[in-house]
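Here is the structure we will look at.
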Amino acid sequence: MAYDYEYFKKAVLDLTKIDLDAYKEKQMKRRIDTLIAKNKITGYDNYVAALKKDNRLFEEFVNYLTINVSEFYRNPEQWQIMDREIIPDLIKRFGKNLKIWSAACSTGDEPYSLVMALSRHLPLNQIKIYATDLDKQVIAKAKTGLYVEKSIASVPDDFKKKYFTKVGPSYQISNEIKSRVEFKEHNLLKDTYPTDYHLIVCRNVLIYFTEEAKDEVFRKFQKSLKSGGFLFIGSTEQIINHREIGFERRNSFFYEKP
């Protein structure tokens, strides 16, 4: 029997509950083939057998599959819009107890950026961010809160001084910020979505998804938002059919649920 990529996708779904059909095939297959070769394993069947037996290999695979490229205040000009327009609008509409979800939060850069951005408008003890990711390894890293200098390059200087401590070559984010974020595992393609959110942030993740999977996720985000809430997406993304889904476009990266 030839163990092809179709077999491999089914095996991965059984093992990890990650549906590779939702990802762009050429891109994902190339990444996986590279990883298999790196581990000096021949064939998808042998790799699946190894994943079942070797926990280190399994963790490496899931971590590799869930693409984690993240940084604080990514695209700073968008965060300025968040600061000047979006947060004041949300406070005016919903008051100070805002429900905010950072979806596919990776190593925590985004939810921690949200806490800092909100702290210009609200006392820290009134800020709570719900942050989710598919990969428990990156969640563990997020909870540790240790970052390289490049990751925090765009953080405003006053926040860098106030909330980061240099630890060797790295920077540790303060417990004051960390304590405002609750991390959970969540699969955007499989799990139930939380509801009644005022702001959802999901940036530079869906570019790896097929058009069908993307559409499904955007529709679920729309249902998760309260009327008057916002979805903040990445600079490499756009929602072509936003009106059909039920969004108004506030600007390039912020979509409002009327």
Side-chain angles (χ1 to χ4, degrees), residues 63 66-83 85-87 90 98-122 124 127-156 159-160 163-164 170-188 193-194 197-209 214 217-218 220-221 224-225 229-239 251-255:
N63 195 30
T66 53
I67 301 117
N68 300 300
V69 180
S70 195
E71 62 193 57
F72 284 80
Y73 279 81
R74 192 171 183 177
N75 313 114
E77 65 289 351
Q78 299 308 317
W79 287 89
Q80 283 164 19
I81 293 168
M82 173 80 87
D83 182 45
E85 298 176 33
I86 306 300
I87 295 171
L90 288 172
L98 295 173
K99 276 187 78 178
I100 297 170
W101 176 20
S102 175
C105 68
S106 187
T107 50
D109 317 42
E110 213 136 78
Y112 292 145
S113 295
L114 278 166
V115 175
M116 289 187 281
L118 285 156
S119 76
R120 297 233 190 262
H121 304 265
L122 298 167
L124 272 178
I127 298 167
K128 195 75 193 165
I129 309 291
Y130 177 62
T132 62
D133 201 275
L134 174 66
D135 184 348
K136 66 178 177 211
Q137 279 186 302
V138 297
I139 288 177
K141 194 175 173 198
K143 286 178 175 175
T144 304
L146 209 55
Y147 299 94
V148 296
E149 192 165 2
K150 185 175 175 286
S151 282
I152 69 162
S154 297
V155 173
F159 287 154
K160 264 189 213 165
Y163 295 125
F164 289 89
S170 303
Y171 290 82
Q172 173 79 58
I173 195 161
S174 77
N175 287 331
E176 280 177 281
I177 300 295
K178 281 207 286 187
S179 66
R180 307 326 303 162
V181 182
E182 179 194 358
F183 290 99
K184 286 267 172 73
E185 276 181 67
H186 182 270
N187 184 335
L188 285 173
Y193 281 36
Y197 276 79
H198 303 117
L199 173 65
I200 297 172
V201 178
C202 184
R203 310 185 68 225
N204 308 304
V205 176
L206 303 188
I207 46 167
Y208 302 103
F209 287 13
K214 245 186 258 190
V217 170
F218 285 139
K220 286 181 177 175
F221 281 151
S224 287
L225 283 168
F230 287 95
L231 171 65
F232 179 23
I233 63 171
S235 58
T236 51
E237 298 157 338
Q238 55 178 314
I239 311 176
N251 70 27
S252 300
F253 312 108
F254 289 95
Y255 291 82

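By convention here, the first residue in the shown sequence is residue 1.
Between F183 and P111 there is a side-chain heavy-atom pair separated by less than 4.5 Å. F159 is not listed as a side-chain neighbour of I177, based on a closest heavy-atom distance of 4.5 Å or more. Inter-residue side-chain proximity for L118 and I129 is flagged as met; some heavy-atom pair is nearer than 4.5 Å. Between L225 and L231, the closest side-chain pair of non-hydrogen atoms falls below 4.5 Å. Residues M82 and L114 meet the side-chain proximity criterion, which asks for heavy atoms closer than 4.5 Å. By the 4.5 Å heavy-atom criterion applied to side chains, V181 and K143 are not counted as neighbours. E185 places a side-chain heavy atom less than 4.5 Å from the side chain of I139. Contact check for Y255 versus F218: no side-chain heavy atoms found under the 4.5 Å cut-off.
Within 6.0 Å of CD on E149 lie no more than 12 heavy atoms contributed by other residues, nucleotides or ligands. Within a 6.0 Å sphere centred on NZ of K214, heavy atoms belonging to other residues, nucleotides or ligands number more than 12. Within a 6.0 Å sphere centred on NZ of K136, heavy atoms belonging to other residues, nucleotides or ligands number 12 at most.
Note that CG of L90 and NE2 of H121 are 10.0 Å apart. Values are rounded to the nearest 0.5 Å. Note that the CD1 atom of I81 and the CZ atom of F232 stand 8.0 Å from one another [nearest 0.5 Å]. Atom CD1 of I100 and atom CD1 of I87 lie 7.0 Å apart (nearest 0.5 Å).
Across C202 and L188, no two heavy atoms sit closer than the pair SG-CD1, 4.2 Å. Between I233 and I239, the shortest heavy-atom contact is CD1-CG1, 4.1 Å. Shortest non-hydrogen contact noted between K160 and A153 is NZ-O, 3.2 Å. The two residues F164 and V155 make their nearest non-hydrogen contact at CE1-CG1, 4.0 Å. Contact between P194 and S224 at its shortest, heavy atoms only, is O-OG, 2.8 Å. Taking both residues in full, the closest heavy atoms of V205 and A104 are given as CG2-CB, 3.5 Å, listed atom of the first, atom of the second, then distance.
For S113, the side-chain contact (heavy atoms from CB on, under 4.5 Å) criterion is met by F72, Y73, W79, not counting sequence neighbours. Under the rule for a side-chain contact (heavy atoms from CB on, under 4.5 Å), the partners of K178 that lie at least two apart in sequence or sit in another chain are Y112, Q172, I173, N175. By the side-chain contact (heavy atoms from CB on, under 4.5 Å) test, E176 is found to be paired with L124, Y163, S174, residues two or more places apart in sequence or in another chain being considered. Qualifying side-chain hydrogen bond (donor to acceptor under 3.5 Å, both in side chains) partners for T132, counting only residues two or more places apart in sequence or in other chains: W101. Take S235 and apply the side-chain contact (heavy atoms from CB on, under 4.5 Å) test, not counting sequence neighbours, and it matches N75, N204, F253. For K128, there are no salt bridge (Lys or Arg N to Asp or Glu O under 4.0 Å) partners at least two apart in sequence or on another chain.
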- Item | Intermediate values then yes/no, side-chain contact (heavy atoms from CB on, under 4.5 Å), D109 and R74 | CA-CA 9 Å; D109 317 42; R74 192 171 183 177; over 6 Å; no
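Y147 contributes a side-chain N or O that, together with a main-chain N or O of T107, makes up a donor-acceptor pair within less than 3.5 Å. No donor-acceptor distance shorter than 3.5 angstrom exists from the side chain of R203 to the backbone of E110, with no hydrogens or angles considered. Using a distance-only test at 3.5 Å, with no hydrogens or angles considered, no donor-acceptor pair links the side chain of N187 to the main chain of L134.
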